[in-house]
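First up is the structure itself, then whatever we jot down about it.
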Amino acid sequence: MQEFYVVDGYNIIHAWPDFAGMIDNGLDHCRDKLIDMLANFAGFSGSSVRIVFDAHLVKSGVERCDVIHGVEVFYTQEGETADSLIERIVGDLGKLGTVYVVTSDWDEQRIIFGRGAYRLTPKEFKKQVFKVNKEGQEGFNKVNPTEGYLEDKLPSDIRVILEKWRRSKN
């Protein structure tokens, strides 16, 4: 069954210490870093990730969705909170698989429970993201001197046949 993560973006940015030094310089870089982190998480875990950023105070802002590195990034419209958009998204996704909403907002947690979704706190989600990303990166960092050898890519039965053929020629 497909797993979906719906993330309250600014809630995470303000909750994770990783962003503490960056917030004062503007949220653009924080958003980009969070999107990159969650794109890796989505790729390594096979889950679908949606990040919602609250733009309800932006004058004449319109709701929009961008796909960045396979992650759907939503921006709310003027006058709409991230919570209300998350509620709509959860309602649509609940029929397709297991939905996890990442937020520390207590009111939001109660509403999403009523829609059949599960809640993850920012702290719980951070542990999960860093674990999955670390495990995923380990596969890329292994040094294997024979990694590029053709024989390592062949099925074992073919390797046996070729080895017999090689030995019979001598």
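This structure is a prediction, so every number in the text was calculated from the model and none was measured.
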Residues which pass salt bridge (charged side-chain N to carboxylate O under 4.0 Å, His left out) with E87, listed by chain and number, not counting sequence neighbours: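 With neighbours one apart ignored, the set is empty.
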Please name all residues satisfying salt bridge (charged side-chain N to carboxylate O under 4.0 Å, His left out) with R159, sequence neighbours left out, ordered by chain then number.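 Salt bridge (charged side-chain N to carboxylate O under 4.0 Å, His left out) list for R159, sorted by chain: empty.
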Can you tell me if E124 uses its side chain to pair, donor with acceptor, with the backbone of T121 under 3.5 Å?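 Yes, because the side chain of E124 sits within donor-acceptor range (under 3.5 Å) of the backbone of T121.
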Non-hydrogen atoms of [X] and [Y] that approach each other most closely:
X	Y	value
W16	P122	NE1-O, 2.8 Å
H14	I23	ND1-CD1, 3.6 Å
A42	V49	CB-CG2, 3.7 Å
D54	E80	OD1-O, 3.5 Å
G9	F53	CA-CE2, 3.6 Å
G46	Q2	O-NE2, 3.8 Å

In Å and rounded to the nearest 0.5 Å, what is the [atom1] to [atom2] distance from [X] to [Y]?
X	Y	atom1	atom2	result
I68	I35	CD1	CD1	4.0 Å
R50	L85	CZ	CG	11.0 Å
M37	N133	CE	CG	7.0 Å
I51	N11	CD1	CG	12.5 Å
S48	E3	OG	CD	10.5 Å
K127	K131	NZ	NZ	12.0 Å

Run the side-chain contact (heavy atoms from CB on, under 4.5 Å) check on V101 and I86 step by step: do they pass? CA-CA 8 Å; V101 176; I86 288 170; 3.9 Å; yes
Any chain of hydrophobic side-chain contacts (each under 4.5 Å) joining I89 to L96?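 Linked within one cluster.
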Do I161 and L154 share a hydrophobic cluster (ILVMFWY, side-chain heavy atoms under 4.5 Å, transitive)?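 No, I161 does not connect to L154 through the hydrophobic network.
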Listed partners of [X] passing side-chain hydrogen bond (donor to acceptor under 3.5 Å, both in side chains), at least two apart:
X	value
E163	R166, R167
D36	none
Y75	none

Test side-chain contact (heavy atoms from CB on, under 4.5 Å) on D83 and D8; report intermediate values, then the result. CA-CA 8 Å; D83 293 348; D8 186 335; 3.7 Å; yes
Quick one: are F19 and L34 in side-chain contact, heavy atoms under 4.5 Å?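 Side chain of F19 against side chain of L34, heavy atoms only: contact under 4.5 Å found.
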Note, T76 side chain near T81 side chain (heavy atom, < 4.5 Å):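 The answer is no; the side chains never approach within 4.5 Å.
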My understanding is that only one of Y118, Y100, F41 makes a ring pair (Phe, Tyr, Trp, His ring centres under 6.0 Å) with F125; could you say which?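 One option only clears the test, and that one is F41.
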Applying ring pair (Phe, Tyr, Trp, His ring centres under 6.0 Å), name anything that partners F130, two or more places apart in sequence or on another chain.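 For F130, no residue satisfies ring pair (Phe, Tyr, Trp, His ring centres under 6.0 Å) once neighbours in sequence are set aside.
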Is there a side-chain contact (heavy atoms from CB on, under 4.5 Å) between D18 and K33 once you walk through the steps? CA-CA 10 Å; D18 307 52; K33 181 176 178 179; 4.2 Å; yes
